[in-house]
Undergrad: 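This is the structure, below, for whatever I ask next.
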Protein chains: 2
Amino acid sequence: MRTDSRLARMLHVLLHLEQAKDPITSEQIGQMLATNPSLVRRTMGGLRKAGIVTSVKGHGGGWCLAKPLTQITLLDVYEALGSPGLFALGLSNVTSTCLLEQSANKAIDSALDHASAFFRAELTKQTVADLVLPHAQKVQELKDRQASGHKPV
Amino acid sequence: MRTDSRLARMLHVLLHLEQAKDPITSEQIGQMLATNPSLVRRTMGGLRKAGIVTSVKGHGGGWCLAKPLTQITLLDVYEALGSPGLFALGLSNVTSTCLLEQSANKAIDSALDHASAFFRAELTKQTVADLVLPHAQKVQELKDRQASGHKPV
DNA sequence: CATATCGTAACTTTTTAAGTTACAAATGTG
DNA sequence: CACATTTGTAACTTAAAAAGTTACGATATG
C-alpha cells in the first residue's frame with residue numbers, strides 16, 4: 001500500500017487550526033491536504049475521540065482545537081490515529097515450530113520493539129507547538145537583523 | 001502491501017545453510033519458507049550479489065554460505081536485500097510550499113531518521129551466528145544439569 | 001542427451017491506506 | 001418551517017509494493 005501519511009497530515013492540520021479563529025470545514029482542510037472532505041472527516045474523527053479537536057455540525061460548523069498545541073504531543077496525535085503499525089518490515093511465519101525460524105523472528109522482533117520504543121520517545125519529546133519553533137526563530141532573527149540596520153547576506 | 005518478511009526469512013535460511021554440508025536447493029528452501037523456489041531464487045539473489053551466499057547451477061547444485069555466520073551482521077543481510085523501506089509511516093506532500101506542512105514533515109522525517117539509525121545500529125550489533133546463542137546456551141545448561149545429576153524442574 | 005537446478009522476466013494476488021460516493025443527521029439562516 | 005451547510009458514517013474502488021506464480025532459457029552433472 002502507500003505509506004501512511006496520516007500523522008504528517010494531522011500535524012499539518014493542527015498547525016493551521018491554531019491560526020484560525022473560526023472553525024475550519026472539512027472542505028477547506030481537504031484543499032490543504034489535496035484530498036476530499038470525507039477522508040478528512042474519517043481521519044480527524046480519531047482526533048476528536050481523543051479530545052484533541054472538536055467538531056461542530058451545520059452552518060458555520062467545522063473543526064477547532066480542543067486545547068492549546070503546547071498540550072498536545074506528537075505521540076498524542078499518533079495514538080489518536082490508533083497507533084498504526086510503524087514498520088513495513090515484519091516477521092516470517094510466527095506459528096512455525098522451527099527453532100531456527102523462531103530465533104530469527106525473535107531477533108527481528110526485538111530490534112523492531114526497541115526501534116518502536118525509540119520512535120515513540122521521539123514523539124513524546126515534542127509538542128505540536130514545538131514544530132514551528134524553528135520557523136518562529138528564523139522570523140525573529142530576520143526582524144532582529146532589520147532592526148539593527150544590518151543588511152541580509 | 002504485506003509486511004516485508006524477507007529479512008526474517010533470509011536469517012532463517014542462513015541458519016539452516018550453516019547446518020548443511022551440501023548445497024541446499026531453492027526447492028528445499030521453498031519448503032522451509034512455505035513458498036516456491038522462484039521467489040527463493042529472487043530473494044536470495046540479493047545475498048549472492050552481496051557475497052553472503054554462493055549458488056551452484058545444475059545437478060547437485062543449490063545454495064551455500066560464502067563465509068561463516070560470525071562474519072555476517074544482520075545489517076549485511078538487510079542491505080543485501082536492498083535496504084528496503086523500514087517504515088509504513090511517511091510524510092505528506094513533500095513538494096508543498098506551505099511552511100506549516102514543511103514543519104510537520106520535517107519533524108516526522110527527523111524522528112524517522114533517528115529511529116532508522118537506531119534500528120540499523122541494532123542490526124549491526126549482532127551477527128547471524130549470535131541469533132542462536134540463546135538456544136545454544138539453553139542446550140548447554142540442560143547438559144550441565146544432566147551431567148551434575150540434578151533433575152530438571 | 002536427459003535431468004537437475006539456477007537466473008530472470010512477466011504476470012497475478014494480496015493487503016491496507018487512500019480515495020470516492022452516497023446519504024442520514026444535525027445545525028444555523030431566512 | 002423550509003433550506004442550505006456541514007459533520008458522521010458506511011460501502012465501495014484505487015493504488016502501490018511484496019508475495020506468489022508461471023514460464024523458459026542457461027548451465028552443470030551423469
Undergrad: Nearest 0.5 angstrom please: Met32(B) CE to Leu15(B) CG, how far?
TA: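 The CE atom of Met32(B) sits 10.5 Å away from the CG atom of Leu15(B).
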Undergrad: In whole angstrom, give the distance that lies between atom CG of Leu33(A) and atom C1' of dA17(C).
TA: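 Roughly 14 Å, once rounded to whole Å.
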Undergrad: Between Leu39(B) (CG) and dT22(D) (P), how many Å, whole number?
TA: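 After rounding, the reported distance stands at 13 Å.
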Undergrad: Would you jot down, in residue-number order, the residues of residues 47-60 of chain B having a non-hydrogen atom under 4.0 Å from DNA chain D?
TA: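 Within residues 47-60 of chain B, the residues near DNA chain D are Lys57(B), Gly58(B), His59(B).
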Undergrad: Give the rounded distance in Å between these two atoms: CZ of Arg42(A) and C1' of dT20(C).
TA: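 Whole-Å distance recorded here is 9 Å.
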Undergrad: Side chains of Pro84(A) and Arg6(A), heavy atoms from C-beta outward: is any pair under 4.5 Å?
TA: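 In contact.
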Undergrad: We want to know whether Arg48(A) and Ser55(A) form a side-chain donor-acceptor pair, criterion being a heavy-atom distance below 3.5 angstrom.
TA: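 Yes, a side-chain donor-acceptor pair sits under 3.5 Å.
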Undergrad: What parts of residues 4-20 of chain B reach DNA chain D, counting only heavy atoms under 4.0 Å away?
TA: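 Nucleic-acid contacts, sorted: Asp4(B), Ser5(B), Arg6(B), Arg9(B).
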Undergrad: Hey, any chance Leu11(B) and Leu39(B) share a hydrophobic cluster, counting ILVMFWY side chains that come within less than 4.5 Å of each other, even indirectly?
TA: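 No, Leu11(B) and Leu39(B) fall in different hydrophobic clusters.
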Undergrad: Can you label the angle between the His114(B) ring and the Phe118(A) ring as parallel, tilted or perpendicular, going by 30° and 60°?
TA: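 Perpendicular, since the angle between the ring planes exceeds 60°.
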Undergrad: Just verifying a value: how many Å separate Leu89(B) CG and Tyr78(A) OH, rounded to the nearest 0.5 Å?
TA: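 Reported to 0.5 Å precision, the distance equals 6.0 Å.
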Undergrad: In whole angstrom, what separates Asn36(B)'s CG from dA18(D)'s P?
TA: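 Interatomic distance, CG of Asn36(B) to P of dA18(D): 16 Å.
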Undergrad: Transitively linked via ILVMFWY side-chain contacts under 4.5 Å: Val77(A) with Leu112(B)?
TA: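 Val77(A) and Leu112(B): one cluster.
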Undergrad: Please report, to 0.1 Å, the donor-acceptor pairs under 3.5 Å made by any side chain of residues 69-76 of chain A, with sequence neighbours excluded.
TA:
residue, atom, partner, partner atom, Å
Thr73(A), OG1, Leu75(A), N, 3.4
Thr73(A), OG1, Asp76(A), N, 3.0
Thr73(A), OG1, Asp76(A), OD1, 3.4
Thr73(A), OG1, Asp76(A), OD2, 3.1
Asp76(A), OD2, Thr73(A), N, 2.9

Undergrad: Heavy atoms only, 4.0 Å cut-off, all strands: where does Gly45(A) land among base, sugar-phosphate and nothing?
TA: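 If one applies the 4.0 Å heavy-atom cut-off, Gly45(A) turns out to touch nothing in the nucleic acid.
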Undergrad: Starting at atom CD of Glu27(A), determine the distance to atom P of dT5(D), rounded to an integer number of angstrom.
TA: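 Taking CD of Glu27(A) and P of dT5(D), I get 11 Å after rounding.
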Undergrad: Is Arg120(A) salt-bridged to Glu79(A), cutoff N-O under 4.0 Å?
TA: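 Judged by the 4.0 Å cut-off on N to carboxylate O distance, Arg120(A) and Glu79(A) do form a salt bridge.
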Undergrad: Base, sugar-phosphate alone, or nothing: which one does Ser26(A) contact when heavy atoms must sit under 4.0 Å apart?
TA: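 Since only primed, P, OP1 and OP2 atoms lie under 4.0 Å of Ser26(A), the category is sugar-phosphate.
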Undergrad: Base, sugar-phosphate or nothing for Ser38(A)? Non-hydrogen atoms, less than 4.0 Å.
TA: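 Answer is base: heavy atoms of Ser38(A) come under 4.0 Å of a base.
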Undergrad: What is the distance from CD1 of Ile29(B) to C1' of dT5(C), rounded to the nearest Å?
TA: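 Taking atom C1' of dT5(C) as the reference, CD1 of Ile29(B) is at 12 Å.
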Undergrad: Using a heavy-atom cut-off of 4.0 Å across all strands, would you classify Gly85(B) as base, sugar-phosphate, or nothing?
TA: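 No contact.
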Undergrad: For Phe87(B) and dA17(C), give me the distance from atom CZ to atom C1', rounded to whole Å.
TA: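 Rounded to whole Å, this separation is 18 Å.
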Undergrad: Indicate whether OP1 or OP2 belonging to dG8(D) is found under 4.0 Å from a side-chain N or O atom of Arg41(A).
TA: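 For dG8(D), OP1/OP2 do not have a side-chain N/O of Arg41(A) under 4.0 Å.
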Undergrad: Give the rounded distance in Å between these two atoms: CD of Gln28(B) and P of dA4(C).
TA: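 Going from Gln28(B) (CD) to dA4(C) (P), I get 13 Å.
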